[in-house]
Amino acid sequence: MKELVALLNQYAKEYYTEDNPTVSDSDYDKLYRELVELETAHPDLVQADSPTHRVGGLILEGFEKYEHEYPLYSLQDAFSREELDTFDQRIKAEFPQASYMAELKIDGLSVSLTYVDGRLQVGATRGDGSIGENITENLKRVQDIPLQLDKPLTITVRGECYLPRKEFERLNNERQESGQTEFANPRNAAAGTLRQLDTSVVAERKLATFLYQEASPTERATQDEVLKEVADLGFSVNPRRLITSSMDAIWDFIQEVGRDRDHLAYDIDGVVIKVNSLAMQEELGFTVKAPRWAVAYKFPAEEKEAELLSVDWQVGRTGVVTPTANLSPVQLAGTTVSRATLHNVDYIAEKDIRIGDTVLVYKAGDIIPAVLSVVESKRDSQEVMPIPETCPSCGGDLLHYEDEVALRCINASCPAQLKERLIHFASRDAMNITGLGPSVVEKLFTSDLVSDIPAIFQLTIADLVTLEGFQEKSATKLYEAIQAAKQNSAEKLLFGLGIRHVGAKASKQLMEAFENLQALSQADEEAIAAIDGLGLVIAKSLRDYFATENARLLLSELEQDGVNLSYLGKKVSADAALSGQIVVLTGKLEHLKRSEAKAKLEELGAKVTGSVSKKTNLVVAGSDAGSKLAKAQELGIPVVDEEWLLTL
Ligand code: AMP
Ligand code: ZN
């Protein structure tokens with residue numbers, strides 16, 4: 001197990017930190033599965049730095065405040081060469097021989113990581129610099145943060161946690177499809193992610209870090225040595241940097257970085273210039289807010305004027321209709337931009353954007369071009385933007401719900417939506433039909449083999465062989481995957497239907513409660529809304545959906561095709577021993593892994609949360625339990641041990 005952990009951590013480091021994998025994903029998966037098997041068989045031998053600690057969901061109740069032992073500082077800004085020269089002169093007046101370290105200013109959130117004897121103990125946000133929030137559980141889900149250092153050091157390091165641009169795009173596409181508001185930029189997305197109470201969401205969104213500071217006292221003499229040491233310890237450190245005593249060289253570096261900015265995998269908003277010598281830094285000291293030994297040069301936000309020529313309205317899976325502007329081409333942050341998002345109808349109305357207008361275009365999060373505003377002075381009176389009343393794909397009526405910023409086509413058989421819906425239906429969290437990805441769906445759709453969900457289950461091997469690129473073997477494989485999906489527990493099907501507001505988690509809860517999709521389709525709103533954590537919005541959406549003839553037809557067709565409509569998971573009965581109890585796990589358990597203890601508690605009907613509060617009913621404490629146990633005792637909450645749980 002030790003060997004596997006070391007190997008997997010090494011591979012993860014190559015993959016996430018060094019961007020230089022030496023094994024294939026499937027080889028990694030094989031070793032990972034082997035480790036999981038061993039850990040399941042020998043829970044008492046699970047290593048502290050096992051990569052399995054990075055996955056697995058916890059539902060946290062909130063974040064506790066965390067007082068930083070070493071406060072975090074902010075940086076003094078500079079927006080021009082002159083301001084940089086002023087900084088340089090001030091430093092050189094005191095230390096004529098000073099040299100600087102120039103680093104990229106990563107546009108994320110600062111995080112502080114404290115290791116005790118080499119083990120990650122606390123990960124916290126910056127907060128106001130002296131008091132932040134303890135987000136350790138979430139930061140453990142950030143793959144490039146080591147859980148265990150090679151040396152048993154007690155050390156606090158600082159850096160920036162960010163969401164890579166690719167992940168940001170993926171996330172926003174998903175959100176747009178499900179009718180959620182998109183994140184404005186990767187930084188907001190990263191901030192939203194780090195404050196998630198469901199840690200599995202954090203694990204899904206692939207956050208990353210760049211570390212740049214040792215906050216605890218250090219033996220190093222320069223910032224350069226600090227960066228090298230931090231990299232040696234296994235953290236990600238940004239390789240792009242410059243040591244020089246010349247402002248001219250720094251200015252060149254800034255220009256160069258500015259030109260490459262678009263092509264980086266992450267957002268930066270400037271360049272930080274620090275006095276390299278830590279002894280000089282100490283002598284220079286701090287103002288009330290910021291160190292005197294550093295300055296942050298900030299890039300100007302790139303905005304350009306363009307003419308808005310026309311608008312395309314596109315329909316997504318859930319019927320959300322999104323406007324995209326066609327523009328006269330402009331050069332923006334290194335690329336030619338001729339299309340930009342207008343977000344939604346409300347945005348257009350709020351900014352009074354009209355066709356023919358000269359608009360300001362910018363790159364949101366420096367990737368997706370967006371229309372920012374209208375240059376009013378350049379407008380010669382035009383009519384207000386015509387908003388479509390009917391769907392560009394099917395011609396059905398478009399609705400503008402009060403609680404939404406977008407227009408929606410609610411025609412269940414709208415072709416544009418259908419294709420997107422089929423893709424969603426087959427996707428992993430839904431029916432999980434391996435081999436039925438977007439390109440195959442596209443082929444099935446264009447060859448008229450499938451135009452609705454039930455048709456998938458009527459496909460024969462003979463049908464599938466006719467698809468471009470398919471042979472007997474691949475057709476059989478896909479056919480079998482489709483047949484296998486018929487036996488899915490019904491929450492996969494429910495989620496796959498893509499009903500507004502009904503996500504994977506709600507689907508599970510709904511099926512646990514109603515057991516059968518037919519039963520759910522006839523349930524009344526109050527009964528649905530009464531399920532813990534669901535509420536009226538979901539209830540109403542389900543009612544609206546199942547009230548349509550189409551939905552009823554769909555269910556009976558699926559049933560005829562042999563698709564399972566029942567919940568096959570474990571059912572928690574209302575009289576389970578811990579039904580409705582809020583339970584917190586703390587300390588080291590002897591026989592059970594945390595995740596196993598959690599699963600057992602849930603089987604007994606309990607809701608397991610991450611921190612102790614007045615609402616907690618019970619605390620299960622193992623050995624070495626710390627602050628949670630103390631808090632439980634302080635609040636007079638009953639505490640039991642692992643034996644108690646096992647007996648139950
Ligand atoms: P500001 O938020 O504009 O005051 O800038 C200070 C913030 O810049 C710090 O709190 C860090 O989160 C962030 N930052 C990003 N990259 C660096 C870097 N290389 N060195 C120092 N701070 C950085
Ligand atoms: Zn439509």
Side-chain angles (χ1 to χ4, degrees), residues 68 70-79 83 100-113 124-130 132 157-162 186-187 190-191 194 208-215 223-224 226-227 230-231 235-243 250 253-254 257 261 264 266-276 281 286-291 293-299 301 313-322 388-399 406-421 451 550:
H68 293 292
Y70 312 98
L72 285 85
Y73 46 80
S74 120
L75 292 169
Q76 166 199 166
D77 287 333
F79 295 95
E83 287 174 88
Y100 301 110
M101 168 69 83
E103 299 167 23
L104 304 191
K105 188 168 189 298
I106 314 298
D107 198 7
L109 288 101
S110 28
V111 291
S112 179
L113 304 170
T125 62
R126 172 203 168 90
D128 64 2
S130 22
V157 291
R158 300 270 163 79
E160 205 78 355
C161 184
Y162 66 94
R187 190 164 49 82
L194 283 180
T209 57
F210 282 123
L211 281 290
Y212 52 70
Q213 190 199 351
E214 254 183 90
Q223 170 66 4
D224 186 39
V226 167
L227 293 177
V230 170
F235 296 96
S236 296
V237 170
N238 195 295
R240 190 127 182 212
R241 50 188 196 250
L242 175 75
I243 305 174
I250 285 183
F253 179 75
I254 288 174
V257 169
R261 200 177 160 195
L264 298 176
Y266 43 84
D267 278 7
I268 58 171
D269 60 342
V271 169
V272 184
I273 299 125
K274 303 170 183 172
V275 170
N276 193 33
Q281 286 189 6
F286 289 79
T287 67
V288 199
K289 279 181 34 200
W293 43 264
V295 66
Y297 174 82
K298 296 259 177 89
F299 290 124
W313 298 83
Q314 282 154 323
V315 192
R317 160 171 74 82
T318 53
V320 170
V321 179
T322 351
E389 283 167 9
T390 55
C391 171
S393 173
C394 71
D397 285 345
L398 292 183
L399 294 191
L407 284 176
R408 258 177 204 277
C409 167
I410 55 155
N411 173 8
S413 46
C414 170
Q417 288 178 55
L418 267 173
K419 198 165 66 195
E420 297 298 324
R421 237 182 282 151
S451 60
N550 274 336

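Both counts, for ligands and for their atoms, begin at 1 and track the order of listing.
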query = Please state which protein non-hydrogen atom is closest to atom 3 (O) of ligand 1 and give its distance, to 0.1 Å?
reply = Lys298 NZ, 3.0 Å
remark   = So for Val272 against ligand 1, with non-hydrogen atoms under 4.0 Å, the contacting part is side chain
ask   = Which protein heavy atom lies closest to atom 1 (P) of ligand 1, and at what distance to 0.1 Å?
value = Lys105 NZ, 3.9 Å
message = Within rounding of 10°, what is the angle whose vertex is the Zn ion (ligand 2) and whose arms end at SG of Cys391 and SG of Cys414?
response = 110°
request  = Do me a favour and list the nearest non-hydrogen protein atom to atom 20 (N) of ligand 1 with residue, atom name and distance?
outcome  = Lys274 NZ, 2.8 Å
inquiry  = So if I count the atoms of ligand 1 from 1 in the order they appear, which ones are less than 4.0 Å from some heavy atom of Ser110?
reply    = 10 (O), 12 (O)
ask   = So Tyr73 and Phe286, would you call those rings parallel, tilted or perpendicular, with 30° and 60° as cut-offs?
value = tilted
Glu160 side chain to Val111 backbone, donor-acceptor under 3.5 Å = no
query = Would you say His68's side chain and Thr125's backbone share a donor-acceptor pair under 3.5 angstrom?
reply = yes
Location of contacts on Leu72 toward ligand 1, heavy atoms closer than 4.0 Å = neither
query = With a 4.0 Å cut-off on heavy atoms, does Leu104 reach ligand 1?
reply = yes
key: Glu103 and Gln223 side chains, donor-acceptor separation under 3.5 Å   = yes
Where Ala290 and Gln76 come nearest, the two heavy atoms and their spacing = CB-N, 3.9 Å
query = Given the rule in the side-chain contact (heavy atoms from CB on, under 4.5 Å) test, do Val257 and Ile268 qualify, once you have shown the distances and angles that lead to the verdict?
reply = CA-CA 9 Å; Val257 169; Ile268 58 171; 3.4 Å; yes
ask   = Looking only at heavy atoms, what is the nearest atom pair of Tyr212 and Gly159, with distance?
value = CE2-CA, 3.5 Å
inquiry  = List ligand 1 atoms under 4.0 Å from Tyr73, heavy atoms only on the residue side.
reply    = 10 (O)
message = When you measure from the side chain of Arg187 to the backbone of Leu109, do you find a donor-acceptor pair of N or O atoms at a distance under 3.5 Å?
response = no
Arg126 touching ligand 1 at heavy-atom level, < 4.0 angstrom = yes
inquiry  = Run the side-chain hydrogen bond (donor to acceptor under 3.5 Å, both in side chains) test on Asp269 and Tyr297 for me, step by step, so that the C-alpha distance in whole Å, both residues' side-chain angles and the decisive distance to 0.1 Å come before the verdict.
reply    = CA-CA 8 Å; Asp269 60 342; Tyr297 174 82; over 6 Å; no
ask   = At a 4.0 Å threshold, what atoms of ligand 1 neighbour a non-hydrogen atom of Glu103?
value = 18 (C), 19 (N), 20 (N)
ask   = Does an N or O anywhere in Ile106 fall below 3.5 Å from an N or O of ligand 1?
value = yes
Taking atom 13 (C) of ligand 1 as the reference point, the nearest protein heavy atom with its distance = Glu160 OE1, 3.4 Å
query = To the nearest 0.1 Å, how far is atom 9 (C) of ligand 1 from its closest protein heavy atom, and which atom is that?
reply = Tyr212 OH, 4.1 Å
